[in-house]
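Naming: A, B, ... by sequence-line order, numbering from 1 per chain.
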4 protein chains.
Amino acid sequence: MTEPNRPTRGIQRGPRSIQVIESVRAATLAELSRTGFAGLTIDAVAKAAGVSRPTIYRRWPSKAALLQAVVEPLLETYDADPDTGSVTGDLLALMMLIRENVARPEGHAMITAATTGATELRDLVRTANARTLAAFHRALQNAVERGELSPASDVPVIAHVLFQAVVMWEPAHGNPPSDPDLSRILTAVLTPTA
Amino acid sequence: MTEPNRPTRGIQRGPRSIQVIESVRAATLAELSRTGFAGLTIDAVAKAAGVSRPTIYRRWPSKAALLQAVVEPLLETYDADPDTGSVTGDLLALMMLIRENVARPEGHAMITAATTGATELRDLVRTANARTLAAFHRALQNAVERGELSPASDVPVIAHVLFQAVVMWEPAHGNPPSDPDLSRILTAVLTPTA
Amino acid sequence: MTEPNRPTRGIQRGPRSIQVIESVRAATLAELSRTGFAGLTIDAVAKAAGVSRPTIYRRWPSKAALLQAVVEPLLETYDADPDTGSVTGDLLALMMLIRENVARPEGHAMITAATTGATELRDLVRTANARTLAAFHRALQNAVERGELSPASDVPVIAHVLFQAVVMWEPAHGNPPSDPDLSRILTAVLTPTA
Amino acid sequence: MTEPNRPTRGIQRGPRSIQVIESVRAATLAELSRTGFAGLTIDAVAKAAGVSRPTIYRRWPSKAALLQAVVEPLLETYDADPDTGSVTGDLLALMMLIRENVARPEGHAMITAATTGATELRDLVRTANARTLAAFHRALQNAVERGELSPASDVPVIAHVLFQAVVMWEPAHGNPPSDPDLSRILTAVLTPTA
DNA sequence: TTATAATCGAGACGGTACGTCACGTCTTAGT
DNA sequence: ACTAAGACGTGACGTACCGTCTCGATTATAA
């Protein structure tokens, strides 16, 4: 006996299924920007997607799965390195990328998810964090190898500091960081203060 | 003329009321550590406090109010400046204080609240942020005046960067920052990297 | 120790108490006409009377008591017999009196109370019914003795029939009985139909 | 074009739904006989029916709807005319029918509802009244046409008087009318008294 | 005149029920 | 067969009154 109650035992691949997947994705984004992650309800997504609630549950068994589906394209933006020629250029480019992503509803949702500590979100958060930090790591590592940064530089910590400073700017200040704000962060971290 | 015949006014101060307030506070803390802010239900707090739900709503009309009541003592810890004699000492002391507070359930709840973007929490988050940052501001400002830091130092940004780096360490890494971790953050920000 | 918890052990007679009693009565009437007996809340009466809820409970321990206090004057109107000289005159007068009383909020409340079957209202309803029917009894008995009605007349049943026909006219028809309506009732009951 | 792609519309008719409807009906009757209409709580009905509260609200959005569902079978008993051959026979049969219906909890509830004047009950009360009176109208009208009653008889008023006399007997007397009581009412109304 | 007892208001309490919302699952019906 | 519509149990929401109690303050009666 093999899970007799499982509603969908094989996954459909027909055009109808594709259509469902796309409209749910779009509806999820719309709802995220309307109410935020905490206020996201499957009911609303289903209605906005013109789809029934059970249909959503069949493919995305949790809100985490729904979020993951929608956040994936954002994470992919961190896989291509900027390569502007200078550390500051590379890092600034990454910081601007983060700013843009955080401004999108699914990006904001990720940050919310990061702090709620819900178990089902743990893996997603870990992955997303690692993937973003990796871009910083690579940029910093390159700079060290090019001699732009001291070999003693604490790459992981600098990456963490820059990343969180940008991500949390808007929650703390009420508006996203301007270009000068990003430069100030970079300067504060990279230049001698003592 | 202010209603001269009004027999009493203001809130109750009898021992019973005090008892209610205290047990709700305790129960809120217990629930926060059990389920986190997102999973906090008034029902559970009421039951844990041995109090009826309407009683809670009478005094704390929203979850935000409940959180505020429980977070206040934490915020007060930032009002006393460390004064260890050196910038690094002062800042490290503040960072350790933050680490301790974030480790407490109500501190963690505040961070969650900061990113959910719920309207009713906005004021609370603003206040808490400002109060914490102010402590960093004072420490940095003192250092500038003592000549420990360059007068060109970007005090607000440095404060922001240090604060968020400590606060977000645990969500990003899965465990709180150790003493060396805090030192590394401080070093990364305050010492020349270029 | 003599009932230490009884709130009111003796009765005050000062002008303040009188004032309280009167304003509660008035407020009860106002609320009855606003919401009817079923929707009557002590809260609303207290607020309308400018009095605290416990104050009401001190004097009128139940809604029934409140209703009784307010209905008493109505019942007294049935104690004086009309004595117009003819059965039809007397009966019509009584029926008009009932119509008037039923139109008042407290009269309407009594009828509501009669059918709810609440235990606490039982006595009040019994008394009110008896007192009203007694007036019909006396009028009919007089008529029998004067020879206006056959000695075989079933006085109690006729009284009941006339009383209920008037009382229930408005609930059944949506508007109170006009003078001709009352005459038609009287005619239908007193004149041969067969 | 009426939404051609709509797979289903209208309510469910499966055995489970039927089962739910039936047990709620039964539970409503049980609760009505336990506490009367005024004391009827949805909570209690739900519990007695082994059904959740939202389920009840889904199908019966108000207490009035619940009452209507349960009272309908009673009203249908008035649609079949007695036809005993004589006015007195027909009317007595109707009066006995009313007595039986009033004795049932849902019948009693209807009478309570008739006098509370709640807006949501207004329509239900009107309908029920009309349907019961119609049976009397038909019986009386037949009698007039057969010559048993004078053509001058005030059919609507006689119907009203008889109906209310039976219905209100129990609230006024504390026990239902016996067979002789019904005869006395009929005699008092149909025979000359003057 | 002053105690002392009665009463008052305001406010709060534990309860019970309300009517609603969203959840995640299961049933029924249509295509 | 798969799906959509619909219904279901569950659990929480925030609110309304209930009837009671405590607390000071205010009156009224009696010493």
Side-chain angles (χ1 to χ4, degrees), chain A residues 5 7-10 12 14 16-17 20 39-44 46 50-58 61-63, chain B residues 3 5-17 19-21 39-44 46 50-59 61-63, chain C residues 5-17 19-20 39-46 50-59 61-63, chain D residues 4-21 39-44 46 50-59 61-63:
Chain A
N5 276 341
T8 300
R9 276 175 297 265
Q12 297 287 92
R16 173 162 172 182
S17 298
V20 164
L40 185 71
T41 73
I42 303 287
D43 256 334
V51 144
S52 76
R53 212 148 18 107
T55 299
I56 295 187
Y57 281 108
R58 263 187 286 276
S62 67
K63 276 209 266 189
Chain B
E3 308 203 23
N5 276 343
R6 189 89 168 293
T8 55
R9 96 209 56 169
I11 60 177
Q12 297 289 92
R13 297 245 158 270
R16 173 157 183 181
S17 297
Q19 168 64 22
V20 163
I21 293 177
L40 188 69
T41 72
I42 303 286
D43 257 337
V51 144
S52 73
R53 204 153 18 110
T55 293
I56 295 190
Y57 281 108
R58 259 187 288 273
R59 291 183 186 273
S62 67
K63 278 209 261 187
Chain C
N5 276 342
R6 181 82 176 297
T8 300
R9 276 176 297 265
I11 300 175
Q12 298 281 84
R13 297 240 159 270
R16 174 164 171 180
S17 297
Q19 167 64 22
V20 164
L40 186 70
T41 73
I42 304 286
D43 255 336
V45 172
V51 143
S52 74
R53 207 144 28 96
T55 298
I56 294 189
Y57 280 109
R58 251 171 241 131
R59 291 180 188 277
S62 67
K63 278 211 264 188
Chain D
N5 275 344
R6 186 89 168 293
T8 54
R9 96 213 53 171
I11 61 175
Q12 300 286 89
R13 298 241 155 273
R16 174 158 180 176
S17 297
I18 301 281
Q19 167 65 20
V20 163
I21 293 177
L40 188 70
T41 73
I42 303 287
D43 257 338
V51 144
S52 72
R53 205 151 20 110
T55 294
I56 294 189
Y57 281 110
R58 245 170 247 132
R59 291 183 187 273
S62 67
K63 278 210 262 187

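Here D/Arg16 pairs with nothing under the salt bridge (charged side-chain N to carboxylate O under 4.0 Å, His left out) rule; sequence neighbours left out. Every side chain to side chain donor-acceptor pair (under 3.5 Å) that C/Ser52 has, sequence neighbours left out, goes to C/Thr55. Not a single salt bridge (charged side-chain N to carboxylate O under 4.0 Å, His left out) links D/Arg58 to another residue, sequence neighbours left out. Not counting sequence neighbours, the partners of B/Ala44 by the side chain to side chain contact (heavy atoms under 4.5 Å, CB included) test are B/Glu31, B/Thr41.
Each of C/Pro54 and C/Ala44 was matched to the nucleotide of DNA chain F holding its nearest heavy atom; the match closer to the 5' end belongs to C/Ala44. Between B/Pro61 and C/Pro61, the residue anchored nearer the 5' end of DNA chain F, judged by the nucleotide with its closest heavy atom, is B/Pro61. Comparing B/Ser52 and D/Thr41 by the nucleotide of DNA chain E that holds the closest heavy atom to each, the one mapping nearer the 5' end is B/Ser52.
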5'-to-3' dot-bracket of DNA chain F (Watson-Crick, G-U; under 3.5 angstrom; crossing pairs as [ ]; | other strand): |||||||||||||||||||||||||||||||
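At a threshold of 4.0 angstrom between heavy atoms, the contacts of A/Gly39 with the nucleic acid are absent. Within the 4.0 angstrom heavy-atom criterion, only backbone atoms of the sugar-phosphate kind lie near A/Leu40; the bases stay farther away.
With rounding to whole Å, C/Lys63 atom NZ is found 11 Å from F/dC17 atom P. One can place CD1 of C/Ile42 at 10 Å from C1' of F/dC17, the figure rounded to the nearest angstrom. Regarding B/Gln19, its CD atom lies at a distance of 10 Å from the P atom of E/dG14, rounded to whole Å. In this entry the distance linking CZ of A/Arg53 with P of F/dA5 reads 12 Å, nearest Å. Atom CD1 in B/Ile21 sits about 12 Å away from atom C1' in E/dG11, given to the nearest Å. Whole-Å rounding puts the C/Ile56 CD1 to E/dA10 P distance at 12 Å. A straight line from OH of D/Tyr57 to P of F/dA7 spans 18 Å, rounded to a whole angstrom.
Taking every heavy atom of both residues into account, D/Lys63 and D/Ile42 meet most closely at CG-CD1, 4.1 Å.
Contact annotation: D/Ser17 side-chain N/O to E/dT27 OP1/OP2 distance is not under 4.0 Å. C/Arg59 has a side-chain polar atom (N or O) that falls below the 4.0 Å cut-off from OP1 or OP2 of E/dC8.
Residue C/Val51 places its side chain closer to E/dG9 than to any other of F/dC8, E/dG9, F/dA12. Residue D/Arg58 places its side chain closer to F/dC8 than to any other of E/dA17, E/dC13, F/dC8.
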